[in-house]
4 protein chains.
Amino acid sequence: MANRGINKVILVGNLGQDPEVRYMPNGNAVANFSVATSESWKDKQTGETRDRTEWHRVVVFGKLAEIAGEYIKKGTQVYLEGQLQTRKWQDQSGQDRYTTEVVINPIGGTLQILGSRGNSNDSYDDGSQNWGQSANNISSAPAASSRQPNKNAPAPQPKAPEPPMDFDDDIPF
Amino acid sequence: MANRGINKVILVGNLGQDPEVRYMPNGNAVANFSVATSESWKDKQTGETRDRTEWHRVVVFGKLAEIAGEYIKKGTQVYLEGQLQTRKWQDQSGQDRYTTEVVINPIGGTLQILGSRGNSNDSYDDGSQNWGQSANNISSAPAASSRQPNKNAPAPQPKAPEPPMDFDDDIPF
Amino acid sequence: MANRGINKVILVGNLGQDPEVRYMPNGNAVANFSVATSESWKDKQTGETRDRTEWHRVVVFGKLAEIAGEYIKKGTQVYLEGQLQTRKWQDQSGQDRYTTEVVINPIGGTLQILGSRGNSNDSYDDGSQNWGQSANNISSAPAASSRQPNKNAPAPQPKAPEPPMDFDDDIPF
Amino acid sequence: MANRGINKVILVGNLGQDPEVRYMPNGNAVANFSVATSESWKDKQTGETRDRTEWHRVVVFGKLAEIAGEYIKKGTQVYLEGQLQTRKWQDQSGQDRYTTEVVINPIGGTLQILGSRGNSNDSYDDGSQNWGQSANNISSAPAASSRQPNKNAPAPQPKAPEPPMDFDDDIPF
DNA sequence: TTTT
DNA sequence: TTTT
């Protein structure tokens, strides 16, 4: 319950291969896959463009793992939020080895398929729990005064009370 | 369960005043407070150091709200993770007004007290707890009725351009 | 330079309309648009699925604004990272009004177009600077052996030499 | 400039030891330290409280590294934002080993000291500074050569299964 | 309204 | 190895 510290990883990248889903004795699913994130930049010395791909080992638990097994595959672009965990194991020779993974738990973790139309474009959150929290409840927003149907709201962009952008002063950015 | 989109706010800042905690008819707590984040930079033109403080309206629901009421106060440095919500309300003249808040729900939200020694330095997460209650049905009597006594709730209820928390209907935000 | 506090917003959502790009007297670009994030959940009381869309006003400065004007449009799914800023303005009647926006600055801000193939799928970061850090792509992992079909692989938790995401091929995808 | 993917780590935790700061041939600083994040939860089966500490290897480059060397030490609580990088190295027997680190670059990275009063409570960001230098060309002599004296650099260079920071080639991270 |  |  009480935590001391924040351990959060946010990735947007593409799967390097189809998720591999296994089931634990208690029936819970575990999915493993790798996600690539790439960045490119111009080398200021040489002036040439360089780029680099980083591969992340991802482990998904619970309902999200089942969803991963069903809906995402090699190449799928995903948004995911998890935490870093380094686990120790032993290689053939009995030597300690360490592997760092991005772990997505049902609580606090997120996995969302990106891309438009073609993809299912749904995110799956804390799926397994008692998602008991009515998200109504909460404060701000919608419900009532939605003069527009809930989905596909074509950009409200209010007319009247539009805040002007003052371009003529010294405000920072 | 299935979401399309990510709506995430992460703040580290100090409370501008003690949290104001209220209880909804179903017993769920709601805490309100403001958090300041500051940044300073050197003005490239003038060379002088400038700085700016941003104030964020924060609303916390559920168990985290109770914890907020108990453990954090004016000046406390916190880490928090929530989501943006803009709610519509009407001012005295009946005009539509909008207020954007950072909402911290038991699921997916995080509130952590920072700083060592002096502070309790614990974070409170949705953890594994059953926080299944619906948080609908918010009661009437805005600033007033705290059915459960709570420290540090000076019920300031700001004056003029301040959006009221309407507890008297079920379409609150 | 030195900041006290973190003020960070991360959104994944779709543009409600084409960005509106303007230029400041000094030639810097500013782009405005709205981004929708949606979430749906099952109401635990009624059992029905509900959903809600939140609209975020986004303001992009500098080179990212130009890129926004060029490459994204109504409906584009984006990842963005910025900070919250509430600015004060006055309506026709001279009353103070406040509007909260997600501001994406060239430094620290990020704007990335999501979606595969069809989209340009590039992110634009701190474009202006020299990213001087050498970055050779180390690939950890993946590829090869999916010994099991994607779903329902009924094999539990690997035993001993457990890191084994099969490092046996270095050509990710 | 153009990136495809997001690779972001956010940690709040305490340093396990004083940062070890070294300088590259071009004068740029590199700081290494570990950060602990802890979480505790109630085991649903047994009902007992359990907790777990995760250790993260952090590498800081540039001005932030110098600041780290000066202002943070064993026990300091920090907020940091960086990216995951896994680098390959070879152990004594010539076997490939992989180590994953959280890398904080001047651009896009953040390091902030938390806690009030006792601590300096400032964050150091890429801010507006010119931090254009290339971080390539790292020199040889791993732990050793600190051309600029630096407090708190006990040059521990861990024993056995510890990944060396190879400063003698250009494929460091 | 906070903090440094 | 930190912190509470």
Side-chain angles (χ1 to χ4, degrees), chain A residues 1-7 86, chain B residues 11-20 32-41 49-58 71-80 112-124 152 154-159 161-162, chain C residues 1-7 86 98, chain D residues 11-20 32-41 49-58 71-80 112-125 152 154 156-159 162:
Chain A
M1 263 86 142
N3 297 322
R4 300 180 300 278
I6 297 296
N7 175 358
T86 298
Chain B
L11 300 179
V12 172
N14 299 279
L15 272 76
Q17 74 288 117
D18 292 347
E20 182 180 346
N32 287 271
F33 53 88
S34 293
V35 165
T37 55
S38 307
E39 60 184 322
S40 63
W41 69 94
T49 295
R50 304 190 49 185
D51 77 294
R52 159 196 192 111
T53 294
E54 190 70 33
W55 285 97
H56 311 270
R57 302 178 61 97
V58 177
Y71 295 108
I72 70 179
K73 60 181 205 298
K74 178 176 175 176
T76 302
Q77 189 186 34
V78 293
Y79 169 98
L80 62 86
Q112 176 158 349
I113 302 172
L114 300 174
S116 16
R117 335 271 151 147
N119 286 319
S120 74
N121 192 213
D122 286 312
S123 99
Y124 302 90
N152 309 332
Q157 193 62 355
K159 294 92 244 251
E162 275 281 356
Chain C
M1 262 85 143
N3 297 322
R4 301 180 299 278
I6 297 296
N7 174 358
T86 298
Y98 299 85
Chain D
L11 301 178
V12 172
N14 300 278
L15 272 77
Q17 73 287 116
D18 292 347
E20 182 181 346
N32 287 270
F33 53 88
S34 292
V35 165
T37 56
S38 307
E39 58 184 323
S40 65
W41 67 95
T49 296
R50 302 189 51 187
D51 77 295
R52 158 197 194 110
T53 294
E54 190 71 32
W55 286 96
H56 311 271
R57 302 178 62 95
V58 177
Y71 295 108
I72 70 179
K73 59 182 205 296
K74 178 175 176 176
T76 303
Q77 189 186 34
V78 293
Y79 170 99
L80 62 86
Q112 175 158 351
I113 302 172
L114 300 174
S116 15
R117 333 273 153 151
N119 286 319
S120 74
N121 192 213
D122 287 312
S123 99
Y124 302 90
D125 234 314
N152 309 332
Q157 190 61 355
K159 295 90 246 248
E162 275 282 354

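Here is how names work: the chains are called A, B, and so on, in the same order as the sequence lines, proteins then strands, and each is numbered from 1.
- Among E:dT1, F:dT2, F:dT1, the nucleotide with an atom closest to any side-chain atom of B:W55 is E:dT1.
- With rounding to whole Å, D:N32 atom CG is found 18 Å from F:dT1 atom P.
- One interatomic measurement links the two molecules: CD1 of C:I6 to P of E:dT4, which rounds to 16 Å at whole-angstrom precision.
- The nucleotide whose nearest atom lies closest to any side-chain atom of D:K74 is, among F:dT4, E:dT1, F:dT2, F:dT2.
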Begin with the C-alpha distance, continue with both residues' side-chain angles, and end with the deciding distance and a verdict on side-chain contact (heavy atoms from CB on, under 4.5 Å) for B:L114 and D:Y79. CA-CA 10 Å; B:L114 300 174; D:Y79 170 99; over 6 Å; no

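- Atom P of nucleotide E:dT4 and atom OH of D:Y71 are separated by 16 Å, given to the nearest angstrom.
- Look at NE2 on D:H56: it is 17 Å from P on F:dT1, rounded to the nearest Å.
- One interatomic measurement links the two molecules: CD of B:Q17 to C1' of E:dT3, which rounds to 14 Å at whole-angstrom precision.
- Among the protein residues, B:T53 comes within range of the nucleic acid bases, having at least one heavy atom under 4.0 Å from a base atom.
- Rounded to a whole Å, the NZ atom of D:K73 is 13 Å from the P atom of F:dT2.
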Passes side-chain contact (heavy atoms from CB on, under 4.5 Å), D:V35 versus D:N14? Steps please. CA-CA 5 Å; D:V35 165; D:N14 300 278; over 6 Å; no

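- In this structure, the side chain of D:D18 does not engage the main chain of D:K73 through any donor-acceptor pair within 3.5 Å.
- Here the P atom of nucleotide E:dT4 and the CG atom of B:L114 are 13 Å apart, to the nearest Å.
- Side-chain N or O atoms of B:Q77 include one that pairs as donor or acceptor with a backbone N or O of D:G115 at under 3.5 Å.
- When the P atom of F:dT3 is taken as reference, atom CG of D:D18 falls 11 Å away, rounded to whole Å.
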